[in-house]
Every structure is written in C-alpha cells, then in structure tokens.
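Below: one structure, written as structure tokens.
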Amino acid sequence: MGYLKRKSKTLFFTTSPRTPLKMVPEIEVLSKHFSGKIWNPENQAEFIKKLAEGTDFEGKGSAREMAFSARDRINRAPKSLGFVDLKPTIQITNAGKIFISGKRTEEVLLRQLLKFQLPSPYHKEPKELAGLFRVKPYLEIFRLIYKLGTVSFDELMIFGMQITHYSKFETIVEKIRKFRYLKAYAEESYKIFRGKYLRRELEKIYQSEINSGKTKTRESKDDSLKKFIRTKSGNMRDYADACFRYLRATGMVEISQRGHSLSITPEKKKDVEYFLDTIDREPVFVDDEDKYKEYLFDETLPVLYSDDRTRLCQQISDIKGEDVDFRDKTIDDLKDYLEHIIQTRKENIIKEEIEDIKQYKFYSDVMTVFDDIRENTLYDAPLMLEWNAWRAMTMIDGGDIKANLRFDDKGQPMSTAAGNMPDIVCDYGEFYLAVEVTMQSGQKQYEMEGEPVTRHLAKLKAEKGKTAYCLFIAPKINPSCIAYFYALHKMNIAFYGGNSVIVPMELNVFINMVEQSYRADYVPDSEKIRGIFQYSLELAEKSVDENEWYEKVKEKALNWL
C-alpha cells in the first residue's frame, strides 16, 4: 500500500517512464522471467540485470541501487495503471498482456488511464490530507480539454494540476478563462506574466505551509520561500509533462504544431463525449484492495464508445467513405480492421508528406522549427528535433530515410524512438547512415549518448551487412564526445563491428548543410553524404588530436556541396 505525497496539494501523475510505450519492454521482461515470483529486493535486482541484457539501460550499481531502480520502473506506472500485480506474487494482468501484445495499445491504455484515481488502495490519504483528493485525474483533464476546446501546457500545469477534487472543475475552468483574459491585456512579456501568475497560485495552494514556516523540502536543507516555490513549480511541471505525454498516447488528443497545447482529435470527439457522459466521477473501492484490483485489472472496463458494434461499423464506413457490410465479423474483428485502416491511412499521409518534403515544400517550416529549437521555445524539443532532423535528411538527398519515432494517426510526431535503435536510419543502397540527435549538453551528453550511439551503429552494421556511418547532432557538442568519437575512428573493435565512424555535428552546422542543399541547383546524391564520413575517417589517421580533426570535419560539412 502506498500513500499520497504528504506535502502535495496538487495532482500528481507517474513520471516513470516519461512515455507509456517505454513500459512495454520492461513489462515483457517481468512477464518472461519473473511471473509467479515474489517482488522482493533480490528479484528486483535480477530484473534490472535482465533488462540490461536487451536495452540501453546499463544495469550498473549495487544490488540495493538496482532494486530501487526496479521499483521505480515497475511500482509506478505499470502497477498504478493495472498492467502488473505484485501481490502476493508477480503477475501480468489481462490489461497488461494486451498492452504488451502491441494490439490496440491506445485503447487499453485509455481504459487504464480512465480508471486511475486518487485516493485508492494504492494511494491512501494521510490524515493531514483527508478529503483533499476525490478525483479520477485523467478523466477530469480530458473533460477540461473538451470543455475549453484547447488547453495549453502552462494552463495544464498552473490550473489543471489543481483539480484534486472533481467538485473543483468549474472553478478551474473559470480560473483559466480569467488567465487568458488577463494574458491578452498584459503589458509585460508572457514569460514574466506567467511566472508571476504561477507564483501567486502556488502561494494560495500552500498558504498554510508558508504561514507556518513549513517550507523545507525533502530534497534540500534550504527552507527559503524562493526554494520552496521553485521546487513546487518544478514538480507541477514534471507532472503536467507526464500527463501531456500519456494523454497523447491514447490517440484521443492532438498536439498543436509547435507542441504548446492539446485539443480533442476531431475524429475522436464522440469517443470522448461518450466516456465523459458515462464514467462515474467518484473514485471506487477506495478501502477495498481486492475489489479495486478486480476492477483495475479488467481489460473490458470502462466501456468505451468503440465497444458497440453499430458504432464500430459507422467509424469504419466514415473512414472508407462508403457503407460496409460486416455482419459476419465479431467486434474484435471489427476493431482489428479499424486499426488496420487507420494505420494504412497514416502510412499514406506520411508517404505523401515525404514526397512534398523531397520537393522542398516544407523547407520554410523545417527552418522555422530549427529556429524554435535553438531558441528553446518548444514544449518537447527532443521530439521536435528528432522529427525535424528526419524531415531535413529526407529533404537534402534521395535516400530512403526512416524515422524511428512514433507518429500519431495524422502523421504528426508523438514520441521519440525507442532506446535500442538509432533515431533515424538512412538507406543509400551501398551504405547506411544512422542519425542520432540529442538536446543533452555538458558531461551528461557523453554519459547518456556516447556508448549507446556506438552500440546502435554496431547493431545497424550487423543487421544490414553493409558499411554504415553515424551522424551525431546536438545544439552543442561536448568535448568528451568529440574525443570519444575521434578515438573510435582509429580503433578496430570487434564488439562494435570494427572502426566506428561517428561524426559529431553542432545543430547550426547541420542547418547550414540543409540551406546549401536548398540553394543548390541540383539534388545532392548519396556520394556527397558519404564523402563527409570518408574524409572524417582519413583525417582521423593524420590529425594531431581530436580538436584538429573536429574543426576540419566541421569545415568539410560547411562546404559539403
């Protein structure tokens, strides 16, 4: 049994993992190796070791540290959302089995999010918070988006996180409307206006703590009001971010072009209306864990709009543009078919977009998004960088460029690539190019990206059986990465498939390459791309050090055409 956070007076959502699909490989490992076992520290440490065998997760540290990491991964989202049961032994629930099967993951995730509630047998209220929470958080956030038409990230963070009781809903709606009105007439910049507004809201929420001097946070000895407000603000941002991502993964909402706001996907409006009208807003079985688990683990609850045969047939007919007779098909068959035609439509949308990208029809938009990334004005910069780099690579040459990020039903970016593959793979026929992008900087860039990038390139070479290179793009390149990638040029390591030709490139240099291709009066061929990496390999053998190598490779890229 867990408890609600004792000092939290706002909603909280699971932040581990940041995106729900990253639960899948972890639940798969749990299912394959630990079903029927006890979830104790020993098996928790073993779980991390097994997980490390097939992913980029390193699995290092003491047994105690690994056990903690396992609990952080499994006791949060997988348990809270009912995909796993950890008592008395480890079991994958029916909902969990469907989720990891890859079959209708959006539907099963939606059902589980709509059942998540505060309080619950998993999240008991401490005495000091008694009566504060009475809510199904995702249900009320869906209601907020539906009611207002769109909800920005800042609105979700500042106000949406205050819906700790469903009775507060209309009050929060009015708060957002007032915020929008005052924002429209504010004389100061939005950044300053937003900062002041957030502080005032937090001071109201935590008025009793502030008045009594209880402003010390668990993470710090600093008990100043400034530190207290900064900590609470950061927590709200993290929870709003997690909520944003999990809602998007249901397919029920779509994100604005610049990633700042959510709205109900037009094709899903009836689905949302149905569950808003039919699901009870009251938390259930708060004091009965057995009944709560039975309800939470039931993969058929709550009933959704698409569970009705007539509605399913109508949805299929609407997409196909014609009436279809499916009298001999089961509801399960119909759902499979609906998922198939939606996937086909998405593939066609992306295919048409690729053709337009290759003709530079989106050049201005690509460059605008790069500007937004450099100015750090986007909500999810890592995702947008990955998506925009894919568009740019598709634009500048004629290869088959595949993005490993996840797209929504309209072909818009939804989540970044899984951790065990390159972000982008370019097939040029005679050779391959892996493209890795990151917003990380400083030493963390080297620690988080260095070895995994090398491993991804090795995996690509082994799978394709051809020469492969790697382009590593970041707003700034850390010197440790430069030194590491330079050394790999000169080292024949069997584990990595020989020499690893990885070229680190600052985002500004890559943008310059895109500009050159736009200005050129011809379409660059793959040999122009290969030339950069062959030059890098040759240069590494005769350069004095990594700095000389890096500067000359940069010069080559700046004049690649």
*Qualifying residue for side-chain contact (heavy atoms from CB on, under 4.5 Å) with Cys426, from Val435, Asp400, Leu471*: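 Testing Cys426 for a side-chain contact (heavy atoms from CB on, under 4.5 Å) against Val435, Asp400, Leu471 leaves exactly one candidate, Val435.
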Return the set of residues passing ring pair (Phe, Tyr, Trp, His ring centres under 6.0 Å) with [X] (not counting sequence neighbours), or none when no residue passes.
{"X": "Tyr337", "value": "Phe326"}
{"X": "Tyr246", "value": "none"}
{"X": "Tyr146", "value": "none"}
{"X": "Tyr363", "value": "Tyr518"}

Any residue meeting side-chain hydrogen bond (donor to acceptor under 3.5 Å, both in side chains) with [X], in chain and number order, not counting sequence neighbours:
{"X": "Thr310", "result": "none"}
{"X": "Thr467", "result": "none"}
{"X": "Gln117", "result": "none"}
{"X": "Arg345", "result": "none"}

_Over all atoms of both residues, closest heavy-atom pair of Val514 and Met367_ =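 Between these two residues, the closest heavy atoms are CG1-SD, 4.1 Å.
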_Check for me whether Arg311 meets the cation-pi criterion with Tyr305, that is, NZ or CZ under 6.0 Å from the six-membered ring centre and within 45 degrees of the ring axis._
yes
*Do the numbers put Arg73 on top of the ring of Phe68, so that NZ or CZ is under 6.0 Å from the six-membered ring centre and no more than 45° off the axis?*
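No, a cation-pi geometry is absent between Arg73 and Phe68.
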If we ignore hydrogens and angles and just use 3.5 Å, is the side chain of [X] paired with the main-chain N or O of [Y] as donor and acceptor?
{"X": "Lys346", "Y": "Phe407", "answer": "yes"}
{"X": "Glu155", "Y": "Ser152", "answer": "yes"}
{"X": "Trp39", "Y": "Lys87", "answer": "no"}
{"X": "Ser101", "Y": "Lys103", "answer": "yes"}
{"X": "Lys115", "Y": "Leu301", "answer": "yes"}

Is a salt bridge present between [X] and [Y], judged by a nitrogen-to-oxygen distance below 4.0 Å?
{"X": "Glu140", "Y": "Lys168", "result": "no"}
{"X": "Lys147", "Y": "Glu170", "result": "yes"}
{"X": "Asp287", "Y": "Lys124", "result": "yes"}

*Can you pull the ring pair (Phe, Tyr, Trp, His ring centres under 6.0 Å) pairs that have at least one residue in residues 80-109, sequence neighbours excluded?*
Phe83-Phe99
*Could you pull out all residues at least two apart from Glu352 that satisfy salt bridge (charged side-chain N to carboxylate O under 4.0 Å, His left out)?*
none
_By the salt bridge (charged side-chain N to carboxylate O under 4.0 Å, His left out) test, which pairs, at least two apart or in different chains, include something from residues 300-310?_
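Every pair satisfying salt bridge (charged side-chain N to carboxylate O under 4.0 Å, His left out) with a residue in residues 300-310: Arg111-Asp307, Asp307-Lys335.
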_Counterpart residues, side-chain contact (heavy atoms from CB on, under 4.5 Å), relative to Pro382 (two or more places apart)_ = Asp380, Met439
*Counting only heavy atoms not in Lys293, do more than 12 sit closer than 6.0 Å to its NZ atom?*
yes
*Hey, are Gln359 and Glu355 close enough side-chain-wise for a donor-acceptor pair under 3.5 Å?*
no
